[in-house]
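Here is the structure we will look at.
Whatever order the structure lists them in is the order used to number ligands and atoms, beginning at 1.
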Amino acid sequence: MSRLAIVGAGAIGSFLGARLHEAGHEVLLIARGTRLEALGGAGVLLSEGGTERQVRVPVSAACDPAVPPDHVILATKTFQLESALALLEPLRENRFTLLTVQNGVEAPGIAQAALPRAVVLGARMHGFFELDGGIVRHTGVPATLLAGPVADRPTDPAAEQAAASLAADLEGAGVPTTLVDDVRPALWDKFLMAATIGGVAPAFGLKVGQMLGHPQASAMLRVAMEEVAGIAAVLGIALPPGCIAEKLDFIGRFPPDVTSSLQRDLEAARPSEYAQLTGAIPRFGQRAGLPTPATDAIIAMLHARGLMLS
Ligand SMILES: NC(=O)C1=CN([C@@H]2O[C@H](COP(=O)(O)OP(=O)(O)OC[C@H]3O[C@@H](n4cnc5c(N)ncnc54)[C@H](OP(=O)(O)O)[C@@H]3O)[C@@H](O)[C@H]2O)C=CC1
Ligand SMILES: CC(C)(CO)C(=O)C(=O)O
């Protein structure tokens with residue numbers, strides 16, 4: 001059994017914490033504010049597969065360097081990584097696996113810069129998770145992970161073993177986890193979807209599942225995806241062949257009411273991952289020397305709707 005710390009007890013952190021705790025691991029959820037109080041009182045209330053259950057996962061405001069974890073999962077939003085990583089500062093000299101689940105392509109690099117000794121694995125996570133009035137709702141598709149290092153430096157056998165151990169723990173917790181040598185293509189593959197649907201759906205005031213039935217939204221979505229694929233190619237990221245068609249097919253199978261976390265945050269005027277998702281497309285386009293007119297038009301529509309793009 002492993003010892004795991006999960007920083008950020010929102011939708012994903014609570015879900016993974018509950019599943020790993022149920023699988024028999026020693027899990028510590030690191031939370032703050034009212035969420036810390038709620039978890040201390042009632043534990044994680046998890047709704048999935050038509051039923052709700054209560055899982056009493058140990059929770060704290062900080063990690064305890066006296067009992068260092070084997071694995072840490074960073075489950076905050078990307079713009080919260082700095083404060084999350086500051087909580088791990090007491091573990092700076094330890095070697096542990098550090099899994100990032102954030103959408104976008106930048107989280108593993110941010111984590112590795114803050115904790116150079118950690119074995120950082122980026123992950124692409126599928127599934128829809130929402131913290132709704134204290135209840136963590138898992139809907140849509142089953143939870144799956146694809147994880148691996150940002151392979152711009154050699155990996156050592158100990159790092160590979162640590163990654164395999166975390167993958168086995170997740171697998172045992174009912175979250176099928178595939179390990180890859182270089183996670184960047186998978187992160188870009190998901191970025192291609194999350195960054196585009198996260199902009200197009202709120203730009204048109206549609207749910208994700210309604211976009212493909214709207215000719216203009218559907219056309220803009222496809223062109224924005226092509227912009228991302230073009231940028232990835234120039235930056236040397238080998239996206240899977242046919243990934244745009246595969247994403248459109250995947251989106252076509254979304255339940256009609258589903259929204260992305262970026263859309264929910266934008267529409268609720270909460271801080272969002274806009275800058276790491278839709279807003280990152282023109283930023284990466286500049287890096288690649290490519291214009292992004294479709295994404296620029298989507299961003300103009302978001303501005304016109306008065307959404308908070310920060
Ligand atoms: N939700 C989904 O379906 C999916 C999400 N993702 C990605 O996973 C990541 C997490 O998403 P999600 O779970 O929805 O986000 P949530 O906002 O639900 O959860 C983030 C949690 O982290 C907490 N947090 C942030 N900073 C700290 C800190 N310094 N100390 C303690 N707690 C902290 C937040 O607390 P507070 O509320 O106080 O800020 C919040 O409870 C995102 O990057 C998202 O892109 C990936 C796949 C699917
Ligand atoms: C792309 C999507 C909608 C589904 O996995 C997601 O990751 C999110 O809501 O942030």
Side-chain angles (χ1 to χ4, degrees), residues 5-18 28-39 44 48 59-63 72-89 99-108 110-111 114 122-147 175 186-187 189-202 207-209 211 221 225 247 250-251 253-255 257-266 268 270-278 280:
I6 300 181
V7 188
I12 296 256
S14 301
F15 167 79
L16 290 175
L28 183 66
L29 272 177
I30 299 177
R32 65 182 180 188
T34 52
R35 185 72 186 136
L36 176 64
E37 282 167 32
L39 288 165
V44 176
E48 56 179 346
V59 62
S60 168
C63 57
V72 176
I73 300 176
L74 277 177
T76 66
K77 296 273 172 72
T78 312
F79 59 85
Q80 299 169 323
L81 281 177
E82 199 181 320
S83 69
L85 287 160
L87 290 172
L88 299 174
E89 188 56 31
L99 184 81
T100 63
V101 299
Q102 288 70 27
N103 283 330
V105 300
E106 295 163 302
I110 296 169
R124 176 185 73 190
M125 182 149 184
H126 280 153
F128 295 93
F129 305 89
E130 192 175 359
L131 184 56
D132 173 18
I135 299 174
V136 177
R137 297 191 192 284
H138 169 208
T139 53
V141 292
T144 57
L145 275 167
L146 185 145
V175 183
L187 292 184
D189 182 55
K190 175 132 190 226
F191 173 73
L192 181 140
M193 175 172 75
T196 54
I197 62 175
V200 174
K207 307 273 185 204
V208 175
M211 277 189 306
L221 178 67
M225 286 183 171
K247 287 287 163 293
F250 183 57
I251 293 165
R253 288 184 275 115
F254 279 10
D257 277 355
V258 157
T259 50
S260 70
S261 51
L262 173 56
Q263 176 173 13
R264 289 194 296 276
D265 287 341
L266 286 176
R270 289 188 294 252
S272 76
E273 294 183 311
Y274 167 79
Q276 292 81 34
L277 295 175
T278 315

Taking the non-hydrogen atoms of G33, is any one of them nearer than 4.0 angstrom to ligand 1? no
Show which atoms of ligand 2 fall inside a sub-4.0 Å distance from at least one heavy-atom site of [X].
X    : result
K190 : 1 (C), 5 (O), 6 (C), 7 (O)
S261 : 8 (C), 9 (O), 10 (O)
M193 : 1 (C)
S260 : 3 (C), 9 (O)

K247/D189 under side-chain contact (heavy atoms from CB on, under 4.5 Å): CA gap, chis, key distance, verdict: CA-CA 9 Å; K247 287 287 163 293; D189 182 55; 3.0 Å; yes
Do ligand 1 and S261 have nitrogen or oxygen atoms that lie under 3.5 Å from each other? no
Sub-3.5 Å N/O-N/O distance, F129 and ligand 1: yes
With atoms numbered from 1 as shown, which atoms in ligand 1 lie under 4.0 angstrom from a non-hydrogen atom of [X]?
X    : value
F128 : 3 (O)
G127 : 3 (O), 48 (C)
M125 : 47 (C)
V101 : 7 (C), 8 (O), 46 (C)

Is there a nitrogen or oxygen of R264 sitting under 3.5 Å from a nitrogen or oxygen of ligand 2? no
Consider ligand 2: state whether an atom of it lies below 4.0 angstrom from any non-hydrogen atom of G198. no
Applying a heavy-atom cut-off of 4.0 Å, say which part of [X] lies close to ligand 1: side chain, backbone, both or neither.
X    : answer
A11  : both
N103 : both
L87  : side chain

Please check: side-chain N/O of S14 versus main-chain N/O of A9, any donor-acceptor pairing under 3.5 Å? yes
If only atom types and distance count, is the side chain of T278 paired as donor or acceptor with the main-chain N or O of Y274 below 3.5 Å? no
Atom of A143, atom of F129 and distance for their closest heavy-atom approach: CB-CZ, 3.7 Å
How far apart are the closest heavy atoms of L277 and A195, and which atoms are they? C-CB, 3.6 Å
Other residues, nucleotides and ligands only: do more than 12 of their heavy atoms fall within 6.0 Å of CD on E82? no
Determine, counting only non-hydrogen atoms of the protein, whether one lies under 4.0 angstrom from atom 13 (O) of ligand 1. yes
Calculate, to the nearest 0.5 Å, the distance between atoms [atom1] and [atom2] belonging to [X] and [Y] respectively.
X    : Y    : atom1 : atom2 : result
M125 : F15  : CE    : CZ    : 5.5 Å
I6   : L99  : CD1   : CG    : 9.5 Å
L187 : T100 : CG    : OG1   : 7.0 Å

So which of [options] gets nearest to [atom], if we judge by its closest heavy atom?
atom                    : options          : value
atom 26 (N) of ligand 1 : R32, Q276, E130  : R32
atom 29 (N) of ligand 1 : S83, G198, A194  : S83
atom 47 (C) of ligand 1 : K190, E273, R137 : K190

Dump the intermediate steps for side-chain contact (heavy atoms from CB on, under 4.5 Å) on L29 and V44, then the final yes or no. CA-CA 10 Å; L29 272 177; V44 176; 3.9 Å; yes
Looking at [atom], what's its closest protein heavy atom, distance included?
atom                    : answer
atom 11 (O) of ligand 1 : K77 CE, 3.8 Å
atom 22 (O) of ligand 1 : G8 CA, 3.3 Å
atom 4 (C) of ligand 2  : F128 CE2, 3.5 Å

Please lay out, stage by stage, how Q102 and T78 fare under the test side chain to side chain donor-acceptor pair (under 3.5 Å). CA-CA 6 Å; Q102 288 70 27; T78 312; 5.6 Å; no
Could you see which bit of N103 sits under 4.0 Å from ligand 2, with heavy atoms only: side chain, backbone, both or neither? side chain
Partner of N103 under side chain to side chain donor-acceptor pair (under 3.5 Å), chosen from K77, R124, K190: K190
